[in-house]
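Since the structure is predicted, the reported quantities are computational estimates derived from the model, not experimental observations. Atom set for the values below is all heavy atoms of this structure, side chains included, hydrogens, waters and symmetry mates excluded.
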Amino acid sequence: MTGNGRALVLGGGGVAGIAWLTGVLAGLAGEGTDVTGAGLLLGTSAGSAVAAQVGSGLSIGELFERQADPALQNRELVPSGGVTVAEFGEIWMRLAEENDDPAAIRRGLGARALAADTVGEAERRAVIEARLPVHEWPSRDLRVTAVNALTGDLRVFDRTSGVPLVDAVAASCAVPMIWPPVTIGGVRYVDGGVRSVNNLDLAAGHERVLLIAPMDDPTLPADVATVEGEGGRVEVIVPDETSRAAFGTDPLDPSTRTPSANAGLAQGRAAAPKIASFWV
């Protein structure tokens, strides 16, 4: 179903999250509940890549095969020179313990991102470019989140922003201290997940909002309240035990893609009856 009353929100979660999100969407569609025609596609980090892929015009079946079939998977870099996923989490938690102001936490992560020794921007951008079947913004409402590394301010890119789609998605996927900040118009941007893993509150004003969230999100209850406070209804799909096992200990490991896509497919199929009654 299309229409501005429905929003599909896709959260962050590394390459495992990209594969799992795509699998969930394929599983839903395979059971007759295709939610990819939502009036709003809102993506953060991994979710920005999937939202852009959904907006490309390729079928969800084709997008699933690009994740599940090793022969069709794009080349992904293994992070080097920066911190590990576990170290990133520890730094974030330490900043949160030291600061009551969320913007200060974002600025702290941004400052560390700007100082980190990671792969170069051009090399990382080539990976994002290969992830996206189409490099132009679609005519539909696709929004991609990122955070100004210096100020901690949120930036939401869309087709009216004057920013190439590849750059917007690269910015949204720029995990601090793991991947390089992305330069757009002289401003350095980092992962939109630095503000919120899902940024669900940005879908407020829509009648029905489906969030597919690969990672735990401490801001989720408040964000759901924001959407519901404006008259919306929210359904959330999070990884089940099998999906979490498929992610492993490092969601940035390219080898997680096939198992995560297949786990997502099964989970989407199982969730389809519930989502169908909500969505339609």
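Of all heavy-atom pairs spanning Leu25 and Ile60, the tightest one is CB-CD1, 3.7 Å. The nearest pair of heavy atoms linking Ala38 to Arg140 is O-NH2, 2.8 Å.
Phe88 is linked by a ring pair (Phe, Tyr, Trp, His ring centres under 6.0 Å) to Trp92, counting only residues two or more places apart in sequence or in another chain.
In terms of modelled atom types and a separation under 3.5 Å, the side chain of Ser260 and the main chain of Arg257 share no donor-acceptor contact.
Neither side chain, Asp253 nor Thr256, offers a donor N or O lying under 3.5 Å from an acceptor on the other.
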For this session: Report the C-alpha distance between Thr258 and Gln73 in whole Å, list the side-chain angles of each, state the deciding distance to 0.1 Å, and finish with yes or no for side chain to side chain donor-acceptor pair (under 3.5 Å).
Result: CA-CA 9 Å; Thr258 297; Gln73 292 169 348; 3.0 Å; yes
For this session: Assess whether side chain to side chain donor-acceptor pair (under 3.5 Å) is satisfied between Gln267 and Trp20, documenting all intermediate values.
Result: CA-CA 9 Å; Gln267 200 171 342; Trp20 178 78; 3.2 Å; yes
For this session: I would like to know whether Asp153 and Asn148 meet side chain to side chain donor-acceptor pair (under 3.5 Å); could you show each step before the answer?
Result: CA-CA 5 Å; Asp153 294 335; Asn148 184 314; 5.5 Å; no
Exercise. Hey, mind stepping through Arg124 and Glu129 against salt bridge (Lys or Arg N to Asp or Glu O under 4.0 Å) and telling me if it holds?
Worked result: CA-CA 9 Å; Arg124 173 63 174 164; Glu129 191 172 46; over 6 Å; no
Exercise. Can Thr160 and Asp158 be said to form a side chain to side chain donor-acceptor pair (under 3.5 Å), step by step?
Worked result: CA-CA 5 Å; Thr160 69; Asp158 63 16; 2.6 Å; yes
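Sorted by first and then second residue, the side-chain hydrogen bond (donor to acceptor under 3.5 Å, both in side chains) pairs involving residues 221-238 (not counting sequence neighbours) are Thr219-Asp223.
Atom CD1 in Ile128 sits 8.5 Å away from atom CH2 in Trp179 (nearest 0.5 Å). Atom CG of residue Leu210 and atom CD1 of residue Ile275 lie 5.0 Å apart, to the nearest 0.5 angstrom. With rounding to the nearest 0.5 Å, the separation of CG in Leu142 from CG in Leu40 is 8.5 Å. Separating the CG atom in Leu63 from the CD1 atom in Ile18 is a distance of 11.5 Å, to the nearest 0.5 Å.
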Going by atom type alone, with no hydrogens or angles, which donor-acceptor pairs under 3.5 Å involve a side-chain atom of residues 103-118 and a protein atom two or more places apart or on another chain?
| residue | atom | partner | partner atom | Å |
| --- | --- | --- | --- | --- |
| Arg106 | NE | Gly152 | O | 2.6 |
| Arg106 | NH2 | Gly152 | O | 3.4 |
| Arg112 | NH1 | Gly108 | O | 3.0 |

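Summarising the local packing, CD of Glu98 is surrounded by more than 12 heavy atoms from other residues, nucleotides or ligands at distances under 6.0 Å.
Residue Gln53 is tested with Leu10, Leu58, Thr22 for a side-chain contact (heavy atoms from CB on, under 4.5 Å); the sole match is Thr22.
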